[in-house]
Amino acid sequence: MLWRNWARNQQSAPISVGRPASEEELVDLVKRAAASGLRVKAVGSGHSFTGVALTDGRLIALDRYGRIVSSDPSEGTVTVQAGITLHQLNAELYDRGLALENLGDIAYQTIAGAISTGTHGTGKSLGGLATQVTGLRLIAGDGSVIDCSPENEPEVFHTARVGLGALGIISTVTLRCPRAFNLHAIEAPMPVDTVLGSLDELVDGNDHFEFFWFPHTDWALTKRNNRTNRPLSPRSRWREFLDDILVSNVAFGALCRLGRLRPSLIPPLLARLAPPGGVEYVDRSYEVFVSPRLVRFYEMEYGIPREAAREAFNDVRRYIERSGLVITFPVEVRFAAGDDIPLSMAYGRDTCYIAVHVYQGTHYHQYFEAVEQIMNGYGGRPHWGKLHFQTAETLAPRYPEWDRFQAVRARLDPAGLFSNPYLERVLGPVAGG
Ligand SMILES: Cc1cc2nc3c(=O)[nH]c(=O)nc-3n(C[C@H](O)[C@H](O)[C@H](O)COP(=O)(O)OP(=O)(O)OC[C@H]3O[C@@H](n4cnc5c(N)ncnc54)[C@H](O)[C@@H]3O)c2cc1C
């Protein structure tokens, strides 16, 4: 069997595929892999661009293990099986009067896959999805099940929320959830210099602020989303189709294909295009946060200290302008609150995330390496699920609790059962293993 990720830039040939439907079956798969001396890896929806989910050993697919186990709307908590997709979870939480407090751009990921790489959205006072986790059940390398929370096995809990799949197989996840809420969304183009000139007001003045700068142009698409008690006034079905499918995917896809065939046509074309008109609506939180992504691409994203946002963004902008590269995809800029999770990209500092993308099948090395060089200058931490060229040696100094994570890894997976070449590159071998 050949396993491939969403972007089709990573593939592996696992020896076997297990599809457990219960925790007992999950434990059994881990024990059998350990006994046979083969490595084992759970995969989510394959939406990581890196080789983080690859295995040539035993693959565990969790598509039969994705239900809500329990929920307590009065406490605001939900416990789910690891393979539930965010898409399914959002709808089921809404029916229970609950929500995820923040989301990224899409909801195709599984909950375990999303938290394992530090998946995040935007919002100055909100952390990534893993900061909502209040408990995990994790299967360690010896097949034992560890029920961890801030009170029980706190060291495992502390590290395993962003675990890169290196500490064990997550069986269930307990999340703290706010009551379901609506968002007032304003999406509008702005001159990019205006955005940069009032960046702090935009970030601090909105629950969720982000912008997409279109290279070779002077404008950016801004998104301002704020919680509201106003009644729903969603976009019409036609408007949604126009914005999310026709413009963002079909027309954009055509532009990307043209860019691959005749790159020189893109900058003058983009420069002449009028920015899209704005749109304002009120919808359920998750309907506002996420959009369909039908055009496939490769991505790199770095977390840097928030105060470096403007300077680092301008470095990227100047680089693109000087390099002569033709870039059809926007540069995306988001914000998040600092957290205490050892391998979270936002550990210990309020963070600005800067992401660069290219169309699937396009050479990305020159662009991404140059952006990585810029981010290195700001102590940047790469998203674990997005492309980068770092190694354990270059990453360790950027994470103050690196050794704490490695100690838990050595305890839970001394034989490196959950490792793979990507993890060996970015985390190194298991200590003492
Ligand atoms: C179109 C697109 C948009 C994206 N948008 C965003 C965004 O807005 N914000 C953001 O931060 N990221 C974003 N990402 C990145 C994505 O959220 C992460 O790469 C995420 O990890 C993918 O989740 P997945 O379920 O596909 O997991 P996979 O990619 O399949 O796996 C990721 C990791 O999780 C591990 N894993 C999966 N299940 C388990 C388990 N049960 N136990 C232990 N480990 C497990 C895997 O082994 C692997 O290490 C985007 C990616 C794409 C392709």
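Treat the numbers as computed from the prediction; the structure is a model and nothing was measured. One-based numbering, in listed order, for ligands and for the atoms of each.
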Enquirer: Could you tell me whether Thr110 and ligand 1 have an N or O pair separated by under 3.5 Å?
Expert: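 Yes, there is a polar N/O contact under 3.5 Å.
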Enquirer: Provide the number and element of each atom of ligand 1 under 4.0 Å from a heavy atom of Leu62.
Expert: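 In order of number, 41 (N).
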Enquirer: Using every non-hydrogen atom in the two residues, find where Ile354 and Phe313 come nearest and quote the distance to one decimal.
Expert: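 That closest heavy-atom pairing would be CD1-N, 3.8 Å.
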Enquirer: Could you check whether Tyr298 and Phe49 have their ring centres less than 6.0 Å apart?
Expert: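 Ring centroids of Phe49 and Tyr298 are no less than 6.0 Å from each other.
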Enquirer: Run the numbers for me: atoms of ligand 1, each under 4.0 Å from some heavy atom of Leu164, listed by number.
Expert: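 So the atoms of ligand 1 that pass are 49 (O).
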Enquirer: I need the contact type for Glu332 against ligand 1. Using non-hydrogen atoms and a strict under-4.0 Å cut-off, is it side chain, backbone, both or neither?
Expert: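 Near ligand 1, Glu332 shows nothing, with every heavy atom at 4.0 Å or more.
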Enquirer: Starting from atom 12 (N) of ligand 1, locate the nearest protein heavy atom and write down its residue, its atom name and how far away it is, to 0.1 Å.
Expert: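 I find the closest protein heavy atom is His383 NE2, 3.2 Å.
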Enquirer: Do ligand 1 and Thr119 have nitrogen or oxygen atoms that lie under 3.5 Å from each other?
Expert: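 Yes; the residue has a nitrogen or oxygen that sits under 3.5 Å from a nitrogen or oxygen of the ligand.
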Enquirer: To check your reading of the model: name the closest protein heavy atom to atom 47 (O) of ligand 1, its residue, and the distance in Å.
Expert: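 Looking only at protein heavy atoms, the one closest to atom 47 (O) of ligand 1 is Ala42 O, 2.6 Å.
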Enquirer: For atom 9 (N) of ligand 1, what's the nearest protein heavy-atom neighbour? Residue, atom name and distance, please.
Expert: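 Closest protein heavy atom to atom 9 (N) of ligand 1: His120 O, 2.8 Å.
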Enquirer: Checking Arg293 against Tyr108: charged group under 6.0 Å from the ring centre and within 45 degrees of the axis?
Expert: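 The answer is no, since Arg293 fails at least one limit relative to Tyr108.
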Enquirer: List the steps and the verdict of side chain to side chain contact (heavy atoms under 4.5 Å, CB included) for Leu175 and Val173.
Expert: CA-CA 6 Å; Leu175 297 151; Val173 182; 4.0 Å; yes
Enquirer: Counting only heavy atoms closer than 4.0 Å, does ligand 1 sit against the backbone of Phe297, its side chain, both, or neither?
Expert: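 Side chain only.
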Enquirer: Taking only heavy atoms of Gly165 into account, list the atoms of ligand 1 that are under 4.0 Å away from them.
Expert: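 Per the distance check, 44 (N).
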Enquirer: Could you find the nearest protein heavy atom to atom 27 (O) of ligand 1 and give me its residue, atom name and distance?
Expert: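 For atom 27 (O) of ligand 1, the nearest protein heavy atom is Gly113 CA, 3.4 Å.
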Enquirer: Testing the basics here: between Ser12 and Leu54, what is the closest heavy-atom pair and its distance to 0.1 Å?
Expert: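 The answer is OG-CD2, 3.7 Å.
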Enquirer: Below 4.0 angstrom from a heavy atom of Ala112, which ligand 1 atoms are there? Numbered from 1 as shown, please.
Expert: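 By the 4.0 Å cutoff, the relevant atoms are 38 (N), 39 (C), 40 (C), 41 (N).
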Enquirer: Checking a contact table here: which protein heavy atom is nearest atom 43 (C) of ligand 1, and how many Å away?
Expert: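 Ranked first by proximity to atom 43 (C) of ligand 1 is Gly168 O, 3.4 Å.
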Enquirer: Taking only heavy atoms of Ala82 into account, list the atoms of ligand 1 that are under 4.0 Å away from them.
Expert: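 The atoms of ligand 1 under 4.0 Å from a heavy atom of Ala82 are 41 (N).
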Enquirer: Evaluate the side chain to side chain contact (heavy atoms under 4.5 Å, CB included) criterion for residues Leu89 and Val80: first the C-alpha distance (whole Å), next the side-chain angles of each, then the deciding distance (0.1 Å), finally the verdict.
Expert: CA-CA 9 Å; Leu89 180 56; Val80 296; 3.7 Å; yes
Enquirer: Is the shortest N/O to N/O distance between Gly44 and ligand 1 below 3.5 Å?
Expert: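 Yes, since at least one N or O of Gly44 sits under 3.5 Å from an N or O of ligand 1.
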Enquirer: Which residues satisfy the salt bridge (charged side-chain N to carboxylate O under 4.0 Å, His left out) test with Arg58, sequence neighbours excluded?
Expert: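 Testing Arg58 for salt bridge (charged side-chain N to carboxylate O under 4.0 Å, His left out), a comparison that skips the adjacent residues, returns none.
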Enquirer: How does Phe49 reach ligand 1, if at all, at less than 4.0 Å between non-hydrogen atoms: by side chain, backbone, both, or neither?
Expert: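 Just the side chain.
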Enquirer: Judged by non-hydrogen atoms, does Arg296 sit under 4.0 Å from ligand 1?
Expert: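 No, that is not the case, since the closest heavy atom of the residue is not under 4.0 Å from the ligand.
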Enquirer: Polar contacts were defined as any N/O atom of the residue lying under 3.5 Å from an N/O atom of the ligand; does this apply to Glu301 and ligand 1?
Expert: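 Between Glu301 and ligand 1, no N or O pair is found under 3.5 Å apart.
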Enquirer: Mind listing the closest non-hydrogen atom pair of Thr134 and Ser149 along with its distance?
Expert: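 Of all heavy-atom pairs spanning Thr134 and Ser149, the closest is O-CB, 3.6 Å.
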Enquirer: Does the side chain of His388 come under 3.5 Å of the side chain of Glu301 through a donor N or O and an acceptor N or O?
Expert: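 Note: His388 and Glu301 side chains miss the donor-acceptor criterion.
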Enquirer: Would you confirm whether Gln360, through its side chain, and Ala7, through its main-chain N or O, come within 3.5 Å as a donor-acceptor pair?
Expert: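 Confirmed, Gln360 side chain pairs with Ala7 backbone.
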Enquirer: Look at atom 2 (C) of ligand 1 and say which protein heavy atom is nearest, naming residue and atom and giving the distance to 0.1 Å.
Expert: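 Here the nearest protein heavy atom works out to Ile106 CD1, 3.4 Å.
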Enquirer: Are Arg334 and Tyr353 in a cation-pi contact, defined as NZ or CZ under 6.0 Å from the six-membered ring centre and within 45° of the axis?
Expert: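 So Arg334 doesn't make the cation-pi contact.
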Enquirer: Which is it for His47 and ligand 1 at heavy atoms under 4.0 Å: side chain, backbone, both or neither?
Expert: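 For His47, backbone and side-chain atoms both sit under 4.0 Å from ligand 1.
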Enquirer: Name the closest protein heavy atom to atom 29 (O) of ligand 1, giving the residue it belongs to and the distance to 0.1 Å.
Expert: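 The closest one turns out to be Ser48 OG, 2.6 Å.
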Enquirer: Indicate the atoms forming the closest heavy-atom contact of Val162 with Ser116, along with that distance.
Expert: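 That would be CG1-O, 3.6 Å.
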Enquirer: Does at least one non-hydrogen atom of Gly121 fall below 4.0 angstrom from an atom of ligand 1?
Expert: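 Outside the 4.0 Å threshold, so no.
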Enquirer: May I ask you to identify the nearest protein heavy atom to atom 6 (C) of ligand 1, giving residue, atom name and distance to one decimal place in Å?
Expert: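 Looking at atom 6 (C) of ligand 1, the protein heavy atom closest to it is Lys386 NZ, 3.8 Å.
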Enquirer: Would you call Asp207 and Arg227 a salt bridge, using N to O less than 4.0 angstrom?
Expert: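 Salt bridge: no.
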Enquirer: Counting from 1, what ligand 1 atoms have a heavy atom of Ala114 closer than 4.0 Å?
Expert: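 Those qualifying, in numeric order: 23 (O).
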Enquirer: List every atom of ligand 1 that sits less than 4.0 Å from any heavy atom of Thr117, numbering the atoms from 1 in the order shown and giving each element.
Expert: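 In order of numbering, the contacting atoms are 18 (C), 19 (O), 20 (C), 21 (O), 32 (C), 33 (C).
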Enquirer: Could you pull out the closest heavy-atom pair between Ala346 and Ala337, with the gap in Å?
Expert: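 Reported closest heavy-atom pair: CB-O, 3.8 Å.
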Enquirer: Please enumerate all residues that pass salt bridge (charged side-chain N to carboxylate O under 4.0 Å, His left out) together with Arg176, with sequence neighbours excluded.
Expert: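 Checked Arg176 against salt bridge (charged side-chain N to carboxylate O under 4.0 Å, His left out); matches are Glu101.
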